[in-house]
2 protein chains.
Amino acid sequence: MTNDPRISLRLHFESGLTFGRGKADLLQAIQEQGSISAAGRRMKMSYRRAWSLVEDMNAHFPEPLVDSSRGGAKGGGAVLTDRGRQVLADYRALEALLRDQGAGQLARLRAGQRSVPT
Amino acid sequence: MTNDPRISLRLHFESGLTFGRGKADLLQAIQEQGSISAAGRRMKMSYRRAWSLVEDMNAHFPEPLVDSSRGGAKGGGAVLTDRGRQVLADYRALEALLRDQGAGQLARLRAGQRSVPT
DNA sequence: ATTCGTTGTGTTCAGATGGACATAACCAAA
DNA sequence: TTTGGTTATGTCCATCTGAACACAACGAAT
């Protein structure tokens, strides 16, 4: 989980998919927790919202990023597919690229910015 | 003006500023056209909207990114300040970094994505 | 003084977005 | 067969967003 609050990267693809830190963190939380609802709790979002995001991601690929099952002793659960892990890893790599190689530009962009009250 | 419709980069700063291709293209259009309204026309957005974006950007820096004047023979106009040019250049550099150094990840992320009807 | 294109502002309205609830379906284990 | 935690889905509502208009202020050139 990236804990740099200063910068976040959001990609808009031509397919209509938008993928940013929210979905990346959600994928990672699902991977670590083994369920969508636990991931949602950890990220302080409703299950409804977490599930919607997963549905949206899955809908943009022929194979889902998250494989879920319901029922059973533990109620069910969810895991990342190979594709899901790959998407997460690629996004993290782009984030790292930006942070490392783009440090100069980011620092300059940030320099002197004023917080603006909403 | 970046003409790769496939990917766009949006940065969220802690100051509250969000800066993506829309604002970058707008800055560039202002630089090339010399006015906010002409830039807005070129980007097919209302003057109201273009002006609001400029106001938002200016508000997030101690010195404005766009310097505007009104009245006169040509009605007025707007130019980029040094800071404005620098912000634009830094954003473009980050875009290029992603496209070049991140080509592999981006290609893989894009691979097999399905267009999803709204 | 008039002109003319631009800047600067306000207002209204439809549509998108996300939060908050509610509820059914599922199924291994006890 | 009951239990319990999870997945799956629907609905309502406050809020945010952006599009669409409308209009005053400005000032160099004529």
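Naming convention: chains lettered A, B, ... in sequence-line order (proteins, then strands); numbering from 1 in each chain. Heavy-atom basis, side chains included; hydrogens, waters and symmetry copies ignored.
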### Task
Compare side-chain N and O positions of Arg70(B) against OP1 and OP2 of dG8(C) and report whether any pair is under 4.0 Å apart.
no
### Task
In whole angstrom, give the distance that lies between atom CD1 of Ile36(B) and atom P of dT9(C).
11 Å
### Query
dT6(D) phosphate, OP1 or OP2: any side-chain N/O from Arg41(A) under 4.0 angstrom?
yes
### Task
Check the side chains of Arg92(A) and Gln28(A) for a donor-acceptor pair under 3.5 angstrom, ignoring hydrogens and angles.
yes
### Task
For the pair Phe19(A) and Tyr91(A), evaluate ring pair (Phe, Tyr, Trp, His ring centres under 6.0 Å) and give the outcome as yes or no after the intermediate values.
CA-CA 9 Å; Phe19(A) 193 95; Tyr91(A) 177 81; 5.2 Å; yes
### Task
Using a heavy-atom cut-off of under 4.0 Å over every strand shown, decide if Ser52(B) touches base, sugar-phosphate, or nothing.
nothing
### Task
Whole angstrom is fine here: how far is it from CD1 in Ile30(B) over to C1' in dG5(C)?
16 Å
## Note on the structure
Here the distance between atom C1' of dT7(D) and atom CG of Asn58(A), to the nearest Å, is 13 Å
### Query
At their closest point, which heavy atom of Ala78(A) faces which heavy atom of Ile36(A), and how far apart are they?
CB-CG1, 3.7 Å
## Note on the structure
In whole angstroms, the gap separating P of dT17(C) from CE of Met45(A) amounts to 16 Å
## Note on the structure
5'-most contact on DNA chain D (nearest-nucleotide basis), Ser35(A) vs Ala73(A), goes to Ala73(A)
### Query
Quick one: is Ser68(B) getting a side-chain N or O under 4.0 Å of the dG8(C) phosphate, OP1 or OP2?
yes
#### Entry: Proximal nucleotide (of dC21(D), dT7(D), dG18(D)) relative to the Arg48(B) side chain
dC21(D)
### Query
Taking the side chain as C-beta and beyond, is there a heavy-atom pair between Leu17(B) and Lys23(B) under 4.5 Å?
yes
### Message
With side chain to side chain contact (heavy atoms under 4.5 Å, CB included) as the test, pick out the partner of Arg83(A) among Leu88(A), Leu65(A), Asp67(A), Val66(A).
### Response
Leu65(A)
### Task
Could you pick out which residue, Gly75(A) or Ala38(B), lies toward the 5' side of DNA chain C when each is mapped onto its nearest nucleotide?
Ala38(B)
### Query
Atom OH of Tyr47(A) to atom P of dT23(C): distance rounded to whole Å?
17 Å
### Task
To the nearest Å, give me how far apart CG (Asp56(B)) and C1' (dT9(C)) are.
16 Å
### Message
Quick check: on DNA chain C, is the nucleotide nearest Glu55(B) upstream (toward 5') of the one nearest Gly72(A), or the reverse? Name the residue that is more 5'.
### Response
Glu55(B)
### Task
Provide, to the nearest angstrom, the distance between the CZ atom belonging to Arg49(B) and the C1' atom belonging to dT9(C).
16 Å
#### Entry: Side-chain N,O (Trp51(A)) to OP1/OP2 (dA8(D)) below 4.0 Å
yes
### Query
Quick one: is dG5(C) close enough that its OP1 or OP2 comes under 4.0 Å of any side-chain N or O from Ser37(B)?
no
### Message
Tell me the interatomic distance from Asp67(A), atom CG, to dA8(D), atom P, rounded to whole angstroms.
### Response
9 Å
